[in-house]
Amino acid sequence: MTELEIEYERLKIKYKNGRLTKAQLASELNISVVTVSRRLKTGKDIPNYQKAEGKTSRVYFPILEVAKYLVKTTKTKITNWVYNNRLKN
């Protein structure tokens, strides 16, 4: 299994309805809900999302999009850490 498939399966088991709320995404990313809201406003550093129809302004994050984001950002963080530590040595 690829990293994406593993992450997707983990999220699929944890979030059976197939999507995450802002609070659930914040928990997965270890950030606050306020930070999620700020990222939504700027459109930067946030997984692709869907807006609910109707009068509510609810936002949902499909688990596949969250899995892609987590795999991508984790690889980027690890790559940057390795690169930065090589420069120090």
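These figures come from a predicted structure and were not determined experimentally. Side-chain atoms are counted along with the backbone in the values below, which use heavy atoms only and exclude waters and symmetry mates.
- Between L4 and K68 the shortest heavy-atom distance is CD1-N, 3.6 Å.
- Side-chain contact check for Q50 versus P62: some heavy-atom pair is nearer than 4.5 Å.
- Summarising the geometry, atom CG belonging to D45 is positioned 7.5 Å from atom OG1 belonging to T73; distances are rounded to the nearest 0.5 Å.
- Side-chain atoms of L70 and L29, non-hydrogen and from C-beta on, do get closer than 4.5 Å to each other.
- Residues I31 and R39 approach most closely at CD1-NH1, 3.7 Å, considering heavy atoms.
- Counting only N and O atoms by type, the side chains of Y15 and E28 include a donor and acceptor under 3.5 Å apart.
- Proximity of a side-chain donor or acceptor of Y49 to a complementary backbone N or O of E65 within less than 3.5 Å is not detected.
- Looking at N17 and Y60, their side chains never bring a donor and an acceptor atom within 3.5 Å of each other.
- Side-chain atoms of R19 and I63, non-hydrogen and from C-beta on, never get closer than 4.5 Å to each other.
- Summarising the geometry, atom CD belonging to E5 is positioned 10.5 Å from atom NZ belonging to K12; distances are rounded to the nearest 0.5 Å.
- The structure places OH of Y8 at 10.5 Å from CE of M1, a figure rounded to the nearest 0.5 Å.
- A 4.5 Å side-chain heavy-atom check between F61 and T21 finds every atom pair outside the cut-off.
- Atoms OG and NZ, from S27 and K22 in turn, are 15.5 Å apart once rounded to the nearest 0.5 Å.
- Under the 4.5 Å side-chain criterion, counting only non-hydrogen atoms from C-beta, L25 is in contact with I46.
- Within a 6.0 Å sphere centred on CZ of R10, heavy atoms belonging to other residues, nucleotides or ligands number more than 12.
- To the nearest 0.5 Å, the span separating CD on E9 from CG on L11 amounts to 9.5 Å.
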